[in-house]
Each structure stands twice: as structure tokens, then as C-alpha cells.
Amino acid sequence: AFARSASSRSWMMSRVVLSSGKDAALPRVFMLLRFEFEDDNAAPRLGDVLVKAIVSSATKDVFGLYGQGRWVVDVLRVNAAQRTAIIALPAEGAVPVRSALTMLGEYDGRTLRVVVSRASAHLIDLAAPFRANALQPMPAEVSGTTTAMAMATT
């Protein structure tokens with residue numbers, strides 16, 4: 001929004017940020033990526049530089065030089081054995097970068113698929129796959145409900 005200052009004759013721009021929740025104001029998004037090459041034997045060794053180059057190439061292919069320079073990606077961790085990586089990027093670039101990675105079909109002449117396994121505003125969400133076990137009920141011996149129920153009935 002533009003507003004004209006009453007005390008001066010110059011125009012100034014003000015920024016209004018609307019928050020729709022506690023996570024809306026977080027500046028970074030973290031993504032867990034999995035790289036799947038068509039021929040695993042001929043696949044290059046995955047490293048920080050290669051991950052950054054793949055993401056940069058994907059954003060350049062879709063959004064041009066503007067996209068390549070707009071959303072700077074930091075590579076936090078790479079697991080070459082599992083072909084996974086964790087990246088951090090500005091929150092406003094999460095959707096464009098994710099779409100560019102999804103549309104990527106090849107890199108350096110090799111067929112490649114990049115899967116965004118998980119994305120979150122909190123790095124700890126990517127640390128362990130705890131959500132798969134969160135919906136399973138705890139055994140009665142562990143949770144202590146058997147003891148509490150036995151004491152309540154006596």
C-alpha cells in the first residue's frame with residue numbers, strides 16, 4: 001500500500017503483514033528431498049554442491065534467471081547413501097521451488113525425479129518419522145492405564 005506523508009510531499013511505501021496463525025510469520029521452510037535416478041549405478045555421488053545445483057537448475061528451468069536468483073536455497077544435510085537432503089529456503093519460495101522440483105525430469109543428461117517427502121516450517125518435524133507412530137495406541141503396560149483402572153475398580 002502506498003501512503004502520502006502529511007509532513008512531506010514524498011511518497012512512502014508501507015508493508016502490511018497479515019498473520020493467519022502461529023506459523024504464518026516464520027521466515028524459513030525446510031524440505032526433505034529424495035533423489036531418484038533412473039540408473040542408480042550411473043548416478044552421480046550426491047553432495048551439497050550437486051543438491052544446490054539441481055535445485056538451482058530446476059528453478060531456472062521454470063522461472064528463468066529471476067527464479068534462480070530469487071529463492072536462495074541452503075543445503076543443511078545430505079545423506080548420499082539414502083539419496084536424501086534437507087534444504088532450507090525462504091517461506092515465500094516454498095511453493096515455487098517445490099513445483100519446480102516436481103516438474104524436473106532430468107539433470108545433466110540423466111533422468112531424475114526429485115520427491116519432496118516432507119516440508120515444514122520447523123526443522124524438528126523432519127528429524128524423525130514420528131508421525132507414523134503417533135496414531136497407534138500405546139500398550140496398556142506402558143501407558144499405565146491397566147494399573148490405574150485396577151486401582152479405580154477396587
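Just so you know, residue 1 is the first one in the sequence shown, and it goes up from there. Owing to the predicted nature of the structure, the values given are computational and were not obtained by experimental measurement.
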Side chains of Leu65 and Lys60: does their closest heavy-atom pair fall under 4.5 Å?
-> yes
4.5 Å side-chain heavy-atom contact, Met31 and Leu89 | yes
Testing the basics here: between [X] and [Y], what is the closest heavy-atom pair and its distance to 0.1 Å?
| X | Y | value |
| --- | --- | --- |
| Val78 | Leu46 | CG1-O, 3.8 Å |
| Phe35 | Leu112 | CB-CD1, 4.1 Å |
| Arg34 | Ser117 | NH1-OG, 3.6 Å |

Please identify each residue that fulfils side-chain contact (heavy atoms from CB on, under 4.5 Å) with Glu38, with sequence neighbours left out.
-> Thr111
Partners passing side-chain contact (heavy atoms from CB on, under 4.5 Å) against Asp108 (at least two apart in sequence or in another chain) | Arg110
Pairs involving residues 62-95, ordered by first then second residue, that meet ring-ring contact (aromatic ring centres under 6.0 Å, His included) (sequence neighbours left out) = Phe63-Trp71
Using the ring-ring contact (aromatic ring centres under 6.0 Å, His included) rule, collect all pairs that involve residues 76-120, keeping only residues at least two apart or in two chains.
-> none
ILVMFWY network linking Phe37 to Met103, side-chain heavy atoms under 4.5 angstrom | yes
Show me the side-chain donor-acceptor pairs of residues 47-59 shorter than 3.5 Å, one per line, residues at least two apart or across chains.
unit_1: Lys52; atom_1: NZ; unit_2: Val73; atom_2: O; d: 2.8
unit_1: Ser56; atom_1: OG; unit_2: Gln68; atom_2: NE2; d: 2.8
unit_1: Thr59; atom_1: OG1; unit_2: Val55; atom_2: O; d: 3.2
unit_1: Thr59; atom_1: OG1; unit_2: Ser56; atom_2: O; d: 3.0

Residues 91-102, side-chain donor-acceptor partners within the protein, below 3.5 Å, at least two apart:
unit_1: Ser99; atom_1: OG; unit_2: Val95; atom_2: O; d: 3.2
unit_1: Ser99; atom_1: OG; unit_2: Pro96; atom_2: O; d: 2.8
unit_1: Thr102; atom_1: OG1; unit_2: Arg98; atom_2: O; d: 2.8

CG of Leu76 to CZ of Arg28: how many Å apart, nearest 0.5 Å?
-> 7.5 Å
Rounded to the nearest 0.5 Å, how far apart are CG of Asp74 and CD1 of Ile86?
-> 13.0 Å
Would Asp125 and Arg118 satisfy side chain to side chain contact (heavy atoms under 4.5 Å, CB included), going step by step from the backbone distance to the final call?
-> CA-CA 9 Å; Asp125 287 344; Arg118 284 185 272 169; over 6 Å; no
